[in-house]
Amino acid sequence: MNRLALICAIAMAAPAQAGGPDAAALERLVRQDCGSCHGLSLKGGLGPDIRAPALSHHDRQSLQRLILDGVPGTPMPPWRPLLTEADAAWIADYLLNGGME
Ligand code: HEC
């Protein structure tokens, strides 16, 4: 295998890397679980609008924390029992990059 083919093979294998966030599963979780409170298109419901323009007061790290720890005293639950730090960072990026649009 020449070097270029090897690099291509590695790049194609990368999304399935063991132990990393599972993008398809996380996207499903955002739509179904987060969507159950924030609305199916995340425009808001019981919880507020969490589409990218509504999150301008957050950065990736503050969102990651908020997802892991929830908002105490509100219905926004902590997701730490279900998500790893990497999963939460993935969701933070997904929301900030307008994944739902
Ligand atoms: C049981 C209902 C519920 C579920 C499920 C839920 N949330 Fe929330 N979420 C809320 C509520 C209510 C608030 C508002 C908390 C407050 O008053 O500050 C909130 C707040 C937030 C905020 C802060 C918005 C801002 O403008 O600061 C983010 C981001 C967020 N949720 C993301 C998520 C994500 C991502 C998920 C899925 C992993 C999720 N939520 C699941 C109810 C929920």
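Each ligand, and each atom within it, is numbered from 1 in the order the structure gives. Values below: every heavy atom of this structure, side chains too, minus hydrogens, waters and symmetry copies. Each residue takes its place number in the sequence, starting with 1.
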>> If the cut-off is 4.0 Å to any non-hydrogen atom of Thr74, which atoms of ligand 1 fall inside it?
In response: 15 (C), 16 (C), 17 (O)

> How far does OH of Tyr94 sit from CG of Asp87, to the nearest 0.5 angstrom?
Replying inline: 14.0 Å

> What heavy-atom pair brings Ile67 and Met76 nearest, and what distance separates the two atoms?
Replying inline: CA-CE, 4.3 Å

> What is the distance from atom CD1 of Ile50 to atom SG of Cys37, rounded to the nearest 0.5 Å?
Replying inline: 9.5 Å

> How far is atom 27 (O) of ligand 1 from its nearest protein heavy atom, and which residue and atom name does that atom have?
Replying inline: His58 NE2, 2.7 Å

> What is the closest protein heavy atom to atom 41 (C) of ligand 1, and at what distance does it sit?
Replying inline: Trp79 CZ2, 3.5 Å

> Has Val30 got any heavy atom lying under 4.0 angstrom from an atom of ligand 1?
Replying inline: no

>> Among all the protein's non-hydrogen atoms, which is closest to atom 25 (C) of ligand 1, and how far away is it?
In response: His57 NE2, 3.4 Å

>> I need the full list of side chain to side chain donor-acceptor pair (under 3.5 Å) pairs touching residues 62-75, with sequence neighbours left out, sorted by first then second residue.
In response: His58-Ser62, Asp59-Ser62, Asp69-Arg80

> What pairs with Asp22 under salt bridge (Lys or Arg N to Asp or Glu O under 4.0 Å), at least two apart in sequence or on another chain?
Replying inline: none

> Closest approach of Asp49 and Ala54, non-hydrogen atoms and distance?
Replying inline: O-CB, 3.4 Å

> So which protein heavy atom does atom 29 (C) of ligand 1 come closest to, and at what separation?
Replying inline: Leu63 CD2, 3.4 Å

> Under 4.0 Å from ligand 1, counting heavy atoms only, is it the side chain of Asp49, its backbone, both or neither?
Replying inline: neither

> What's the shortest distance from atom 5 (C) of ligand 1 to any protein heavy atom, and which residue and atom give it?
Replying inline: Asp33 O, 3.4 Å

>> Would you say Val71 ends up clustered with Leu83 if hydrophobic residues are merged whenever their side chains have heavy atoms under 4.5 Å apart, either directly or through other cluster members?
In response: yes

>> With 2.8 Å as the limit, count the protein N, O or S atoms near atom 8 (Fe) of ligand 1.
In response: 2

>> If you compare all heavy atoms of Ala52 against all heavy atoms of Leu95, which two are closest, and at what distance to 0.1 Å?
In response: CB-O, 3.4 Å

> Which pair of heavy atoms, one from Glu85 and one from Leu68, lies closest together, and at what distance?
Replying inline: OE2-CD1, 3.7 Å

> Who are the salt bridge (Lys or Arg N to Asp or Glu O under 4.0 Å) partners of Asp33, not counting sequence neighbours?
Replying inline: none

